[in-house]
Every structure is written in C-alpha cells, then in structure tokens.
S.K.: 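Structure incoming, see below.
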Amino acid sequence: MRVRPFERIVDEYGPVVLRVCRAVLGPAEAEDAWSETFLAALRAYPDLPEGANVEAWLVTIAHRKALDVTRARSRRAVPVGEVPDRPSAFGLPQDWDGDLWAALARLPDRQRMAVAYHYLAGLPYRDIAEIIGGTTDAARRAAADGIRTLRATYRPTSSVEGARP
C-alpha cells in the first residue's frame, strides 16, 4: 500500500478542520486546537488503517482537542487589568462573520457540534454520533434543531439576499 504524505492530508483537510475548530471553540482558540489536532494526527497517522475515513478521523481528533481546551478554560482564571474599550479582532480572518459565531455560541453544545461537524465538515450523521455520542437520529435531530434556531435568531449583516446558515 502506498501511503499519502501527511503534508497532503494537511493540505486537503486543514481548512475543514479549522472551520470546525472555529465553530466549536471560537476564533481565538481555533488555531491552537487546529495545530494540536494535526500534531496528534501526525503521531497516529502511520497506524491509521487502510481505507479509513481520514476526514472523520481528523474531526474526531479535533473534537477531543476542543474538549481539552474547554476543560482547561473552565479550570483557569482569566485575570484582566483593564477592560478593553472595544472587542479585539485578534484571530478573526477577514471573511469570518462574528455575528454568526455569536449565534453559534448561543446554541447548546451538542447542537453547535452537530451543526459544525455536519454543515462545516460535511460529515454524515453516523460519524457525528460516534464523535459526540448518542445515536445517528439524535445527531440528526441536534443538527436540525441547531439550524432551526440559527434561522430564527441569526440575521446576517451583509446585504446578500437569502444569506442564511
């Protein structure tokens, strides 16, 4: 069997994993989770079974890294000397819609993850159920509920007609 170079794996799936990390964690912590995902994947790549779904495998690793970040965040205090006058644009790519992130952040965790994994990463509900736990039907329901909530609460600021999640 001829194994693809890991660099090609990063090139092909890197953008999808970054979108998922941004949707689940937000733009400030996404790049770190992305890096940690590919470092872990690089170590495990030689043992990946032939014919494995590489995209689902990477999203699973990203999911675990996101959980690690969330757990670590909940354990540490965030000292602030002064409150900034305006929000920082740090880590926000030019095309990132901050209002969309705010709407995603308001979703319950399972809905946010199901929406990110299905609509941003393109994973089937069966793979999403394996990642976040539960059944395929529960993953489908979580994604549908999340999209319904986004459609009801998210109003894009752009003038593009019909721009909805």
Side-chain angles (χ1 to χ4, degrees), residues 6-43 54-125 127-128 131-133 139 142-165:
F6 191 73
E7 179 179 313
R8 289 198 182 138
I9 299 296
V10 174
D11 289 343
E12 185 174 346
Y13 299 108
V16 170
V17 172
L18 184 58
R19 284 194 306 268
V20 167
C21 290
R22 284 181 181 151
V24 173
L25 293 171
E29 296 170 316
E31 282 80 13
D32 288 341
W34 183 91
S35 297
E36 291 294 323
T37 297
F38 281 100
L39 284 173
L42 177 61
R43 287 188 289 271
V54 176
E55 185 175 43
W57 175 68
L58 288 169
V59 170
T60 300
I61 295 171
H63 169 75
R64 292 179 182 147
K65 294 301 175 183
L67 288 176
D68 291 346
V69 168
T70 303
R71 288 179 189 131
R73 183 189 318 143
S74 69
R75 283 188 229 121
R76 68 176 176 260
V78 181
V80 178
E82 293 182 34
V83 177
D85 289 354
R86 61 188 186 319
S88 170
F90 176 76
L92 293 175
Q94 292 177 350
D95 62 343
W96 179 252
D97 186 343
D99 292 338
L100 178 57
W101 161 245
L104 280 168
R106 286 189 295 270
L107 292 176
D109 289 343
R110 288 182 79 73
Q111 289 180 14
R112 184 175 62 249
M113 288 179 205
V115 167
Y117 299 156
H118 184 71
Y119 292 98
L120 297 177
L123 294 180
Y125 294 114
D127 292 343
I128 295 168
I131 294 169
I132 64 175
D145 290 347
I147 289 296
R148 185 179 65 241
T149 300
L150 287 175
R151 285 184 175 144
T153 61
Y154 172 65
R155 301 288 180 234
T157 56
S158 70
S159 62
V160 177
E161 189 171 322
R164 294 187 78 122

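A quick note: this is a predicted structure, and the numbers were derived from the prediction, not measured.
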S.K.: So which heavy atom on Val24 is nearest to which on Ala66, and how close?
M.R.: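 Scanning both residues completely, I find the closest heavy atoms to be CG1-CB, 3.8 Å.
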S.K.: Would you name the heavy atoms of Thr37 and Ala62 that are closest together and state the gap between them?
M.R.: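 Shortest heavy-atom contact: OG1-CA, 3.3 Å.
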S.K.: Between CZ of Arg22 and CG of Leu104, what distance do you get to the nearest 0.5 Å?
M.R.: 13.0 Å
S.K.: Taking all heavy atoms of Leu150 and all of Ala103, pick out the closest pair and write down the distance.
M.R.: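 Minimum heavy-atom contact is CD2-CB, 3.6 Å.
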S.K.: Does anything in residues 10-34 form a ring-ring contact (aromatic ring centres under 6.0 Å, His included)? List the pairs, not counting sequence neighbours.
M.R.: Trp34-Phe38
S.K.: Could you list all the side chain to side chain donor-acceptor pair (under 3.5 Å) pairs where at least one residue sits in residues 102-114, not counting sequence neighbours?
M.R.: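 The answer is Asp109-Arg112.
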S.K.: Can you list every pair that meets side chain to side chain donor-acceptor pair (under 3.5 Å) and has a residue in residues 56-72, with sequence neighbours left out?
M.R.: His63-Tyr117
S.K.: Which pair of heavy atoms, one from Ala114 and one from Ala139, lies closest together, and at what distance?
M.R.: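 So the two residues come closest at CB-O, 3.9 Å.
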S.K.: Taking C-beta and beyond as the side chain, do Val17 and Val20 meet within less than 4.5 Å on heavy atoms?
M.R.: no
S.K.: What closest approach, in Å, do Glu12 and Pro15 show between heavy atoms, and which atom pair accounts for it?
M.R.: O-CD, 4.1 Å
S.K.: For Ile131 and Leu123: C-alpha separation, side-chain torsions, deciding distance, then whether side chain to side chain contact (heavy atoms under 4.5 Å, CB included) applies.
M.R.: CA-CA 10 Å; Ile131 294 169; Leu123 294 180; 3.7 Å; yes
S.K.: Check whether any side-chain heavy atom of Val54 sits under 4.5 Å from a side-chain heavy atom of Ile9, and report yes or no.
M.R.: yes
S.K.: Considering all heavy atoms of both residues, which atom of Trp101 and which atom of Ala23 are nearest to each other, and what is their separation?
M.R.: CZ3-O, 2.9 Å
